[in-house]
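Here is the structure we will look at, set down as structure tokens.
Since we're looking at a predicted model, the values are computed, not measured. These numbers come from the heavy atoms of this one structure, side chains and all, not from hydrogens, waters or symmetry mates. Throughout, protein chains are lettered first and strands after them, A, B, ... in sequence-line order, and every chain is numbered starting at 1.
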There are 2 protein chains.
Amino acid sequence: MLSIENAVQTLKEKNIRLTPQRHELINILSKGNKHWTVEELYQLLNESMPSVSITTVYNNINLFCELGLVKEIQFGEALSKYEWKKEDHYHIVCSECGEMVDVWYPALKEVEVFAQSISKFDISSHNLQFYGTCSNCEQK
Amino acid sequence: MLSIENAVQTLKEKNIRLTPQRHELINILSKGNKHWTVEELYQLLNESMPSVSITTVYNNINLFCELGLVKEIQFGEALSKYEWKKEDHYHIVCSECGEMVDVWYPALKEVEVFAQSISKFDISSHNLQFYGTCSNCEQK
DNA sequence: GTAGATGCAAAACGTTTGCAACCTA
DNA sequence: TAGGTTGCAAACGTTTTGCATCTAC
């Protein structure tokens, strides 16, 4: 799990300014071990910085992705979500409400090797998502 | 692999009209064993029916998905693609150009069972995509 | 002081909706 | 002939862009 100090260090090394908006966004992302949409991050950021714009959230979440501080999780049906960088894992998504939890399972390297062997692709990564219903939505 | 006759039969059973637009869209989808975006289907349809609207493509591709004639493939970075219904399989996607090929590998049921066991989700399906570079893009 | 960042407004993009005209069964 | 379907235009929600202002270093 990436520390705030490491993140700040990365910004400094690349001469990227540590604005209050960035600092607070890093705070939010690194503290909660969750998955957020841009809109959710914008709402949270607004609580402490009412004047922040959603453009700034987009700018910075994309910047953080490029820097490898944040990972974008793309999955069907819904918006992208973002999570603070941690070890590789998979996700379960609720088809009803979009809630998402992590699944730590050994990377399916052998399936990647198989896919590489039967195709003319140079495969660099893979992604596995599970879809289902969370316990909250199950009760309804 | 679903036949045109089966598809037409499904429409008849549900009292869904076989318009020329639908017929031609079924023709395109069922003949080529490919993955198309809505825009690509619209362009192909336009070759034989210049007056067709993209709304009709959306209407019908969604209808076909609901009827189970067509499968929507959602993956990161890009638009949804659609393919004519066939046996379950996974996909490799080129990160450069979006080209997509099928991978026939036994369904990872045991991973689904594991994910179910460690979560409070009722898991109904999963999805595995591989990302890489196709041979065309590799050369560039 | 200055290059980089912010925040507003407008544009862009894919997709959906409302509705009058049309056509399949 | 009647309800399903089409195709146009407008609306929608998310994301990107242009740009003047501001600010971290």
- [ ] For this output row, return yes or no: ring centroids of A:Tyr105 and B:Phe114 closer than 6.0 angstrom.
- [x] yes

TODO: Take the protein atom CG of B:Leu79 and the nucleotide atom C1' of D:dT14, then report the distance between them rounded to whole Å.
DONE: 13 Å

TODO: May I ask you to decide if B:Ser95's main-chain N or O and B:Thr133's side chain share a donor-acceptor pair within less than 3.5 Å?
DONE: no

- [ ] Can you figure out which of D:dA24, C:dT16, D:dT6 approaches the side chain of B:Asn62 most closely?
- [x] C:dT16

Task: Stepwise side-chain hydrogen bond (donor to acceptor under 3.5 Å, both in side chains) check, A:Gln43 with A:Glu39 - done: CA-CA 6 Å; A:Gln43 295 300 337; A:Glu39 184 62 31; 2.8 Å; yes

Open item on the list: Using OP1 and OP2 only, check whether a side-chain N or O of A:Thr19 sits under 4.0 Å from C:dG4.
Closed with: no

TODO: Tell me, yes or no, whether the heavy-atom count around B:Lys86 atom NZ, taken from other residues, nucleotides or ligands under 6.0 Å, exceeds 12.
DONE: yes

TODO: May I have the distance from B:Glu66 (atom CD) to C:dT16 (atom P), rounded to whole angstrom?
DONE: 11 Å

- [ ] Calculate the interatomic distance between A:Ile61 atom CD1 and C:dA5 atom P; express it in whole Å.
- [x] 16 Å

Task: Contact nearer the 5' end of DNA chain C, comparing A:Asn15 with B:Tyr58 - done: A:Asn15

TODO: For A:Glu40 and A:Trp36, work out which heavy atoms get closest and say how close.
DONE: OE1-CA, 3.3 Å

Task: B:Val70 backbone acceptor or donor facing B:Glu83 side chain under 3.5 Å - done: no

Open item on the list: Of the listed nucleotides (C:dT6, D:dC25, D:dT5), which one gets closest to any side-chain atom of A:Asn59?
Closed with: C:dT6

Task: Pairing annotation in dot-bracket form, given for DNA chain C with Watson-Crick or G-U pairs under 3.5 Å and | for cross-strand partners - done: |||||||||||||||||||||||||

Task: Whichever of B:Thr56 and A:Thr55 has its nearest DNA chain D nucleotide further upstream toward 5' - done: B:Thr56

TODO: Nearest whole angstrom, please: distance from the P of D:dT5 to the CG of B:Asn60.
DONE: 8 Å

Task: Residue-phosphate contact under 4.0 Å: A:Arg22 side-chain N/O, D:dA24 OP1/OP2 - done: no

Task: Gap between atoms CD1 and P, on A:Ile16 and C:dA5 respectively (whole Å) - done: 6 Å

Task: Closest contact, heavy atoms only, A:Trp84 versus A:Leu2 - done: NE1-O, 2.7 Å

Open item on the list: Rounded to whole Å, please give me the gap between CD1 in B:Ile26 and P in D:dT5.
Closed with: 12 Å

Open item on the list: Could you check whether any side-chain heavy atom of B:Val93 comes within less than 4.5 Å of a side-chain heavy atom of B:Ile73, counting everything from C-beta outward?
Closed with: no

Task: Side-chain heavy atoms of B:His89 within contact of B:His91, under 4.5 Å - done: yes

Open item on the list: Is it the case that the base of C:dA3 and the side chain of A:Arg17 share a donor-acceptor contact (distance under 3.5 Å, atom types as modelled)?
Closed with: yes

Task: Nearest listed nucleotide, side chain of A:Leu18, among C:dT6, D:dC25, D:dG7 - done: D:dC25

Open item on the list: Applying a 4.0 Å non-hydrogen cut-off, can you work out what B:Gln21 is touching in the nucleic acid: base, sugar-phosphate, or nothing?
Closed with: sugar-phosphate

Open item on the list: Could you tell me how far apart B:Glu72 (CD) and C:dG14 (P) are, to the nearest whole angstrom?
Closed with: 15 Å

Task: Atom CD of B:Glu13 with >12 non-hydrogen neighbours under 6.0 angstrom - done: yes

TODO: Give, ordered by number, those residues of residues 2-14 of chain A having at least one heavy-atom distance below 4.0 Å to an atom of DNA chain D; if nothing qualifies, reply none.
DONE: none

- [ ] May I have the distance from A:Glu24 (atom CD) to C:dA5 (atom P), rounded to whole angstrom?
- [x] 18 Å

- [ ] Could you please name the option among C:dC8, C:dT24, D:dA24 that lies closest to any side-chain atom of A:Ser53?
- [x] C:dC8

